[in-house]
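We number each residue from 1, following the sequence as shown. Both counts, for ligands and for their atoms, begin at 1 and track the order of listing.
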Amino acid sequence: MQKKWWHDKVAYQIYPKSFCDTNGDGIGDLRGIISKLDYLKELGVDIIWLSPIYKSPFVDQGYDISDYYAIAEEFGTMEEFDELLAEAKKRDMYLIMDLVVNHCSDKHEWFQKALADPDGPYADYFYFRKGKNGNPPSNYRSYFGGNCWEPVPGSDKYYFHMFAKEQPDLNWENPKLREEIYRMINWWLDKGLAGFRIDAIINIKKDLAFPDMEPDGDDGLASCWRMVENVEGVDALLEDLKNHTFAQKDAFTVGEVFNIGVEDLPDFIGENGHFSTIFDFSAHMLSDGEHGWYDAPPISFDAWKKAITDSQMRVQNVGFEANIIENHDEPRGVSRFLPDYAQNADGAKMLGTVSVLLRGIPFIYQGQEIGMQNARWNSVDEFDDISTKDQYRMAREAGLSDAEALAVCSVMSRDNARTPMQWKDAPQAGFTSGTPWLKVNDNYPVINVEKEEGQPDSVLHYYRKLIALRKSGEYRELFTYGKFEPAYENADHVMAYYRILQGRRVLVAANFGTDTIELDWEVPAKKVLLSNKKRTNAENKLILEKCEVFVTECK
Ligand code: TEU
Ligand code: CA
């Protein structure tokens, strides 16, 4: 396998709106990120992914871009962006941005020109179609609810949007549109970006006939992503994108791609794949309900363990995937994947160890490194997220009470990951001197950076040791290129695996159960590398206490 500069790096996702506010408007900003670069450097971060900071009406929190060449004034200026880029480079850190090109904002000038002339050239930057007998062109439901087709005012046409109606899909069949997108990407790469996280990119290829599909809900509509899953031809578009941009500048790209079959993996992340890597969402897909969050199945430990193991075994002979516990679209991992007795610092350390030491690029989401958890939500009115509000609506339409629907959304809402970063035990957790755009989690007096700096056994100190181990001179190659091999597969509540390289073998083992377990060594311990308990292991047995995680080199 040809070695790449990013193979042994550790990445960190910043959700700028909730990271650090320096001008008291309650909104995180670029100056706030600059002020925390040393904190990220000390954590061991190499690559920083910024969720969108482009000009936007913020209908979908910046994933609705109205000017790809401008920084949203809420976050700061282009000069401050250039300063952030320079400051990151000074610290040998790489910056990647979010590339949102399946759609743009309805306030983008392209779309405004299309509305002004639905038969003109800009209408072909989008999907404008005539309706059928006074109805929308097809019966697709958007990710955020409602029909994917919105009437074009003053015309007999509709426009297509897989997400909110304020996010019209861009027509990638149009070479002029593609050329505009490629120019923009290269403009940002020429500024010095190391690459991109690429949003919802599998959706750019549509079935241009937009055929009606078998309804899958009481609203008589069908989930729009089913149309995308069945259509051929996305590879050609992704190759065209790569060859006109990323490939020319050796950019690092991580695709937000769901449901890639094992037979497609080489095309996506192989030696000459469409992307450098894609996220492993296999554990997150376990909560995909038949209709939505309200009928999402609980995630069992065994299903979670199997998802990760199968993913590692499937990918390791093809390329690398990006491993996550959580991101801005998911609830906090500690609250989602762990039983009540483990939703604490030990649980955070177990999840972090299992994830960061896997084969692939670890992506840590802001706050994961201090063990941040889901917030407590008292009313649906407290949520900001359009997806959460739509899921609440669906739950109520399915007959759930307000309390039941609120409970479901409290577990799954994306806002759980978007409450402000908890810096200290001070008003608004030190995130802002003003009123935060979204409430702070009320557990900030206990879970915050400053407090954990002062606690040697805190999640924060543990993450620093964990990342240092992964990048250490002695083990860097093994954790980057070493083979993944499941360990103790039949031991209840135990998630364990080996990383093996040139005869060296490291065991990662975590006991997610409540009982102390004793297992015969498959390969005896040689040197304990990391543990969240003070115990030393017995010579002849692997012993793991409740919520104990342990990394050891083996003989
Ligand atoms: O998400 C794409 C996506 O399909 C899933 O994340 C899911 O539909 C979404 O989280 C709704 O619950 C990307 C971004 O990560 C997400 O924040 C944006 O809302 C979406 O695209 C539209 O840009
Ligand atoms: Ca601010």
message: Tell me whether His103 reaches ligand 1 (any heavy atom closer than 4.0 angstrom to a ligand atom).
response: yes
message: Tell me whether the Ca ion (ligand 2) has Gly26 as a neighbour, meaning an N, O or S atom of it below 3.0 Å.
response: no
message: Students should be able to answer this: which protein heavy-atom is nearest to atom 12 (O) of ligand 1, and at what distance?
response: Ser387 OG, 3.2 Å
NZ (Lys176) with more than 12 external heavy atoms under 6.0 Å: no
- request: Given ring-ring contact (aromatic ring centres under 6.0 Å, His included), test Trp149 with Phe210 step by step and report yes or no.
  value: CA-CA 11 Å; Trp149 295 99; Phe210 293 102; 4.9 Å; yes
query: Between Tyr122 and Tyr159, is the gap from one ring center to the other below 6.0 Å?
result: no
query: Are Glu330 and ligand 1 in contact, using a heavy-atom cut-off of under 4.0 Å?
result: no
message: Under 4.0 Å between a side-chain nitrogen and a carboxylate oxygen: does that hold for Glu173 and Arg178?
response: no
task: Identify whether the distance between the nearest side-chain nitrogen and carboxylate oxygen of Lys306 and Asp310 falls below 4.0 Å.
output: yes
- request: Before accepting this row, confirm whether a basic side-chain N of the pair Arg91/Asp38 lies closer than 4.0 Å to the acidic partner's carboxylate O.
  value: yes
statement: Contact region, Trp225 to ligand 1, non-hydrogen atoms below 4.0 Å, reads neither
message: Taking 4.0 Å as the limit for heavy-atom contacts, which would you say applies to Gln61 with ligand 1: side chain only, backbone only, both, or neither?
response: neither
- prompt: Is the shortest distance from a heavy atom of Arg197 to ligand 1 less than 4.0 Å?
  reply: yes
